[in-house]
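Some notes on the structure that comes next.
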Amino acid sequence: MSDAAIPTPARPAPITLVGPIAWVRNNLFSGWISGLISLVLLFLIVKWALGFIEWGVINAVWSVPNNQTQACRDLRGTGACWAVITEKHRFILFGTYPYEEQWRAFLSILIFSGLFIVSAMRSFWRKELALVWIGALTAIGVLMWGGVLGLNYVPQERWGGLVITLILATFGLAFAFPLSILVALGRRSRLPAIKALCVIYVELIRGVPLISLLFMASVMFPLFLPEGMNIDKLLRAQIAIILFAGAYLAEVVRGGLQTLPRGQYEAADALGLSYWKKTGFIVLPQALRLVIPPLVNTFIGFFKDTSLVLIIGIFDLLTAGKTAIIEPAWQGFGIEVYLTVGFIYFCFCFAMSRYSQNLEAELNRHRVR
Amino acid sequence: MSNTMEAVASAARADAPPAIMLDKVNKWYGAMHVLRDVSLNVALGERLVVCGPSGSGKSTLIRCINRLETHQEGSIKVDGIELSDDLRALDAIRREVGMVFQSFNLFPHLTILENCTLAPIWVRHMPKAEAEALAMQYLERVKIPEQAKKYPGQLSGGQQQRVAIARALCMKPKIMLFDEPTSALDPEMIKEVLEVMVSLAETGMTMVCVTHEMGFARQVADRVVFMDRGEIVEQGPPGEIFENPRTDRLKLFLSQILRGH
C-alpha cells in the first residue's frame, strides 16, 4: 500500500521524452514520410554545403598580380575569384574617396559601429547618450568633409560605399523615428488643423514611390531654389528618405497607440499628469514596446532601401560594388562581389533583428507572470 | 426634503463650504440625455454612496466631478473651483481629487512602487526619496508593502485595486472618488478592498463611492443617493433609504439587489 506519508519521488523522464535524441525522433523521424523527407533534405543540404565549400574555399583564387585575372578566368566557374574582393574592397567600402585619405572613411565606419553598440546597451540609456550621438555624428562629419584640423577637404561627390549607406540609414532613422512619433500623436490630436496636416503628410508620402521622391529631391527641388543657391545632393536625398521613412513609421507607431486601453489615459488624467508627461511616461512606453517587431521590420526595410539612391547618382554600398566590376579586367565576377555586399547588408540587418528580439523580451518582462 | 438631509449632514461637520457642489448639471451623449438636472452638495469629510441600476448615470456623474467627462449645462465646483475648459483649474482639481476605477487601470509597465511615485514626483514635484517613502507608507496602509517591486500583472485583482487606492492616496487628495471599485473582483477579494475603504473612511476623507455594496454603505456612508435614468430619485441616511424606500423605482432596485445577493 502506498497511501503512506512518503510522497512518490519524482523520476527522471524517459530518454524518449527529453534530450537531443527525443528531439530528433519527434521532429525529424516521427513517421516514415517525415523520416524520408528529412533524409532527402539532409542529403541536399550536405551536397550543397560541400559544393559551396569546394567553390568558395578549395578551388578559390584569393589574389592575382596586377589585375591579371587570367587565373580566375581559367577556373571557368568551378571556383570563386575572391581576388576581386582583395583588389576592390577599398572601392566597395569607401567609393571614390581619395585613396590616401580612406582611413578617415574607415574611422567613420568604426565610429558608426561603436555608436550602434553603445546605443544598444541599456545601461547607457540616459540623457548623456544624446551628447554621445551629437559628438559622434559631428566627428564623422569632420572626418568625412575635412577642411579643418589639418584634414584635406573632400567634396561630398567623392564619398561612397558603405559609409554612404551608414550615413543615409543612421541619419534617416534617427530623424524619421522622432518625426514619426510626433506625426502619430498628431493624427490623434483633437486640434483639427494638426490632425489634417499629419493625415495629409502620411497619405501624400505613402502614395508615391521612394524613387519618385528621390527624383523630386534631386531634379525638381533645385528648380524651386533661388539662383545660385545649392543644397548638397546627399542632403536632399537624406531629407527625402527621412520624410518617406517618417510616414511609414508613423503608421506603425499609431498602431501601437491604438492598442492602449482608454483606462490608461483616464488613470493618467485622474492623477493630474499633463499631456506630455502622460504621453512620455504612460502612453509611448507601452505603445512602442508593443510595436518593436513592426518598427524593426521597417528599420531593416529602410536600411536596404537606401540603395535606391543609386538612381540619382549617389555611390552607396551596392552601387560601389556594381561599379567595381565595370572595369574590363574584372567583368564577370559579379557573384563574388554581390555575395560580399549581401553579406555586409546581412550582418547589419541580422544584428538589428536579433537585437530587437532581445529588446522585446527584456522590455516586455512585466507581462510575464 | 432632500434639502433637510443635506442640512443635517453639513451641520454635523461645522460650516465649512461643501467640497463638491453640483448645480443643475445636464449631460448628453449624442442625443441621449444621461444626466438630468442633477444637483448635489457633498460636505467636507462626508461619505457619500451613489447607487442605482446600470445606465442610471451614476458613473457618468462621478466622472464629471474630475472632468473625465464634460457636462454641457449647469455648474460643478470642486473645492471651490469651477470646472471649465480652463486647464489650470483642471490641473488644480485633479491634484486634489483621487480616483479609483472599476478596472484598476494600473500602469502595467511600471512597478507597484513606480505606479505610486510617478504622479507625486512629476505633478507634485516631490523629491524621489520622499515620494518613495510616502508610497511605502500608503502601501503599508493597504497591506501590500512586500509587493512594491512587482509589476501589476503579477498581483491578484484585489491586490491591484488596493495598489490603485494607494496610488491615488499618494497624491494626498482632499476628495476620493470610487467608480464601482469592487465590481470587477471575485467575492473573496471584495472584502479586502472594502476593508481598506472602511479604514480610509475612518480617517475622515471626503469620499464619493459608486457601489452596490450595501453592507459597505450601511457601515460607512453618511448619505446614500439613489439615481435612476439620469436623475437623483431619493437620498438620505443609509438606514432610511434601505428600510423605508419611498419611491417604486428604489423599491424595485432594492429588491433586485437583494435577489442578486
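Nothing here was measured: the structure is a model prediction, and the numbers come from that model. A note on names: the letters A, B, ... follow the listed sequences, proteins ahead of strands, and every chain is numbered from 1.
In this structure, no portion of B:L87 lies under 4.5 Å from any heavy atom of chain A. Residue contact with chain A, scored on non-hydrogen atoms closer than 4.5 Å, involves the side chain of B:R63 exclusively. In this structure, the portions of B:F107 lying under 4.5 Å from any heavy atom of chain A include both its backbone and its side chain.
Within a 6.0 Å radius of CG in B:D85, no more than 12 heavy atoms belonging to other residues, nucleotides or ligands are found. Around the NZ atom of B:K77, the shell of radius 6.0 Å holds no more than 12 heavy atoms that belong to other residues, nucleotides or ligands.
Taking CG of B:L83 as the reference point, atom SG of B:C64 lies at 8.5 Å (rounded to 0.5 Å).
Between chain A and the residues B:R167, B:R94, B:Q102, the largest count of heavy-atom pairs under 4.5 Å involves B:R94. Note: B:L118 leads B:L118, B:D91, B:N66 in heavy-atom pairs under 4.5 Å with chain A. For the set A:R289, A:E266, A:R262, the entry with the most heavy-atom pairs within less than 4.5 Å of chain B is A:E266. Of all the listed residues (B:L90, B:V97, B:L106), the one sharing the greatest number of non-hydrogen pairs under 4.5 Å with chain A is B:L106. Among B:A119, B:P108, B:P173, B:C170, the residue with the largest count of heavy-atom pairs under 4.5 Å with chain A is B:P108.
B:S59 and B:D179 share a donor-acceptor pair across their side chains, judged by distance under 3.5 Å alone.
Between A:R206 and A:E203 there is a salt bridge, since at least one side-chain N of the basic residue sits less than 4.0 Å from a carboxylate O of the acidic one. Ion pairing of B:R162 with B:E195 is absent here, as no side-chain N (NZ or NE/NH1/NH2) approaches a carboxylate O to less than 4.0 Å.
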